[in-house]
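Read through the structure below, which is laid out as structure tokens, and then see the notes.
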Number of protein chains: 2
Amino acid sequence: MFKSAQSVERLIAEFSKLPGIGRKTAQRLTFWILKLKKEDATRLARAIIDVKEKVVRCSICSNVTEDDPCHICRDTKRDRSVICVVEEANDILALERAAEYRGLYHVLEGVLSPLDGIGPEQLRFRELMLRLKDDIKEVIIATNPNTEGEATAVYLSRLIKPMNIKVTRIARGLPVGSDLEYADQNTLSKALQGRQEF
Amino acid sequence: MFKSAQSVERLIAEFSKLPGIGRKTAQRLTFWILKLKKEDATRLARAIIDVKEKVVRCSICSNVTEDDPCHICRDTKRDRSVICVVEEANDILALERAAEYRGLYHVLEGVLSPLDGIGPEQLRFRELMLRLKDDIKEVIIATNPNTEGEATAVYLSRLIKPMNIKVTRIARGLPVGSDLEYADQNTLSKALQGRQEF
């Protein structure tokens, strides 16, 4: 196979390793970088290095942060009696954007996946249980609405319920702006089960 | 709007500047980087810097290369009587992958686009004309088969024809593996016009 200049091939290879980026996109990105001003390319490279050097995990919730504990765990104006459990730190970003929730978070750093050898010990279950000893009134489970996420939610709810803490699951239903006609069966049945009175 | 750690936001912003990468993809890439081993992230950053430091344009054809002239222009086994004109250096990569062509290249570094103020002076037309003084038998115009690419091809062909050099245009027609039913009108008419005898 034909190869371009070595450093060009290397950058294409590096870009190809990123999720959702195939060979062609990697090529397009590489030639984009080649056309950028040097300082703009350096800024991207620097941002990649920075993020690795500066970002740590919050020792309480495992959010990504430059200061430990993270600004959410430190924020005294937030409701410290509710914990929202998510799979990954980027889920916090998504939820915060919705600007609906004002409690704390807990990142599991994954989901239960027995086939991949990921059991409760591989995730941050123990850390969550320790946090529940504080004055927590509700745990909202916001794992993804797929097989592993649901299984993890069920598992967690069984662990927490005996502690007399309210455990809730984020609603599954039709996405806002979507079309009933195109919704899949499972989403529709969840939407029906989760119906609410006006 | 909620912001994550500063360096995280900065990397998301930098990724968002890349072509075809929106805010959500940038976010996904950033969190991917956060999960990478430090040396893997550094390798990507290094590859970006390297490409800017090492890669230059070939002084003959304007291909991207680490050594000037590029390995295609230096290659004595290639047919030095044919020049294939392309818009951008990445088009060379695509054509070389097809492994059909064994001549030389010439990168225009763009296409004619009067509305964007890009005329013949902004492109590498002059350099091409100078190369045609050598013993060139054919110029294949491989600009993209869109409005600007076609206009550039027509313009070029009018410049070159009086020099008694054969000027050809790459075939436009149905992509291999595609479906006649889904082809657009223009492609179909080009496919008919360009039909060849068995």
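Scope of the values below: all heavy atoms of this structure, side chains included, with no hydrogens, waters or symmetry mates. Sequence lines set the chain letters: A, B, ... in the order given, protein chains first and strands last, and positions in each chain run from 1.
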Where do A:Ala5 and B:Thr65 come nearest, in terms of heavy atoms and distance? CB-CA, 3.9 Å
Residue, of A:Ala47, A:Ala41, A:Pro19, A:Ala99, that accumulates the most heavy atom pairs under 4.5 Å with chain B: A:Pro19
When the 4.5 angstrom heavy-atom criterion is applied to B:Gln27 and chain A, the contacting part is side chain
Check each atom of B:Asp40 against the heavy atoms of chain A and say whether the ones under 4.5 Å are side chain, backbone, both or neither. backbone
Atom pair CD1 (A:Ile48) and CZ (B:Phe15), whose distance is rounded to the nearest 0.5 Å: 4.5 Å
Does any backbone or side-chain atom of B:Lys24 lie under 4.5 Å from a heavy atom of chain A? Answer side chain, backbone, both or neither. neither
Pick one of side chain, backbone, both or neither for B:Ile21, based on which atoms fall under 4.5 Å of a heavy atom in chain A. side chain
A:Leu128 with A:Leu130, same ILVMFWY side-chain cluster at under 4.5 Å: no
Looking only at non-hydrogen atoms, find the nearest pair between B:Lys35 and A:Arg57 and report the distance. CE-NH2, 4.3 Å
Okay, A:Leu95 and chain B: the region with an atom under 4.5 Å from a heavy atom over there is neither
If we define contacts as heavy-atom pairs under 4.5 Å, which of B:Ala13, B:Cys70, B:Ala45, B:Ala94 has the most with chain A? B:Ala45
In terms of heavy-atom proximity below 4.5 Å to chain B, should A:Ala89 be classed as side chain, backbone, both, or neither? both
Which one wins on heavy-atom pair count under 4.5 Å against chain B: A:Asp67, A:Asp50, A:Val55, A:Leu34? A:Leu34
Passing candidate, side chain to side chain donor-acceptor pair (under 3.5 Å) with A:Ser7, options B:Lys54, B:Lys52, B:Arg46, B:Glu66: B:Glu66
Evaluate whether atom CG of B:Asp179 has more than 12 neighbouring non-hydrogen atoms of other residues, nucleotides or ligands under 6.0 angstrom away. yes
Does A:Lys17 have more than 12 heavy atoms from other residues, nucleotides or ligands lying within 6.0 Å of its NZ? yes
A quick test of your reading: do over 12 heavy atoms of other residues, nucleotides or ligands sit less than 6.0 Å from CG of B:Asn164? no
If you count every heavy atom of other residues, nucleotides or ligands that lies below 6.0 Å from B:Glu39 atom CD, does the total exceed 12? yes
State yes or no: do A:Ile141 and A:Ile165 share one hydrophobic cluster built from I, L, V, M, F, W and Y residues joined by side-chain heavy-atom distances below 4.5 Å, directly or via other members? yes
Please determine whether residues A:Val107 and A:Tyr101 belong to a single hydrophobic cluster, defined as Ile, Leu, Val, Met, Phe, Trp and Tyr linked transitively by side-chain heavy-atom distances below 4.5 Å. yes
Any link between B:Ile136 and B:Met129 through a network of hydrophobic side chains (Ile, Leu, Val, Met, Phe, Trp, Tyr) touching at under 4.5 Å? yes
Heavy-atom count around B:Gln193 CD within 6.0 Å, excluding the residue itself: above 12? yes
Cluster check A:Phe125, A:Ile83: I/L/V/M/F/W/Y, side chain < 4.5 angstrom: yes
When heavy-atom pairs shorter than 4.5 Å are enumerated against chain B, which of A:Leu18, A:Leu44, A:Thr42 gives the highest number? A:Leu44
Check whether B:Gln6 gets within reach of chain A through its side chain, its backbone, both or neither, counting any heavy atom under 4.5 Å. both
Count the heavy-atom pairs under 4.5 Å between each of B:Ile49, B:Leu29, B:Thr25 and chain A, then report the option with the highest count. B:Leu29
Nearest heavy-atom approach of B:Ile33 to A:Val51 is CG2-CG1, 3.8 Å
Is there a side-chain contact between A:Arg10 and B:Arg43 (heavy atoms, below 4.5 Å)? no
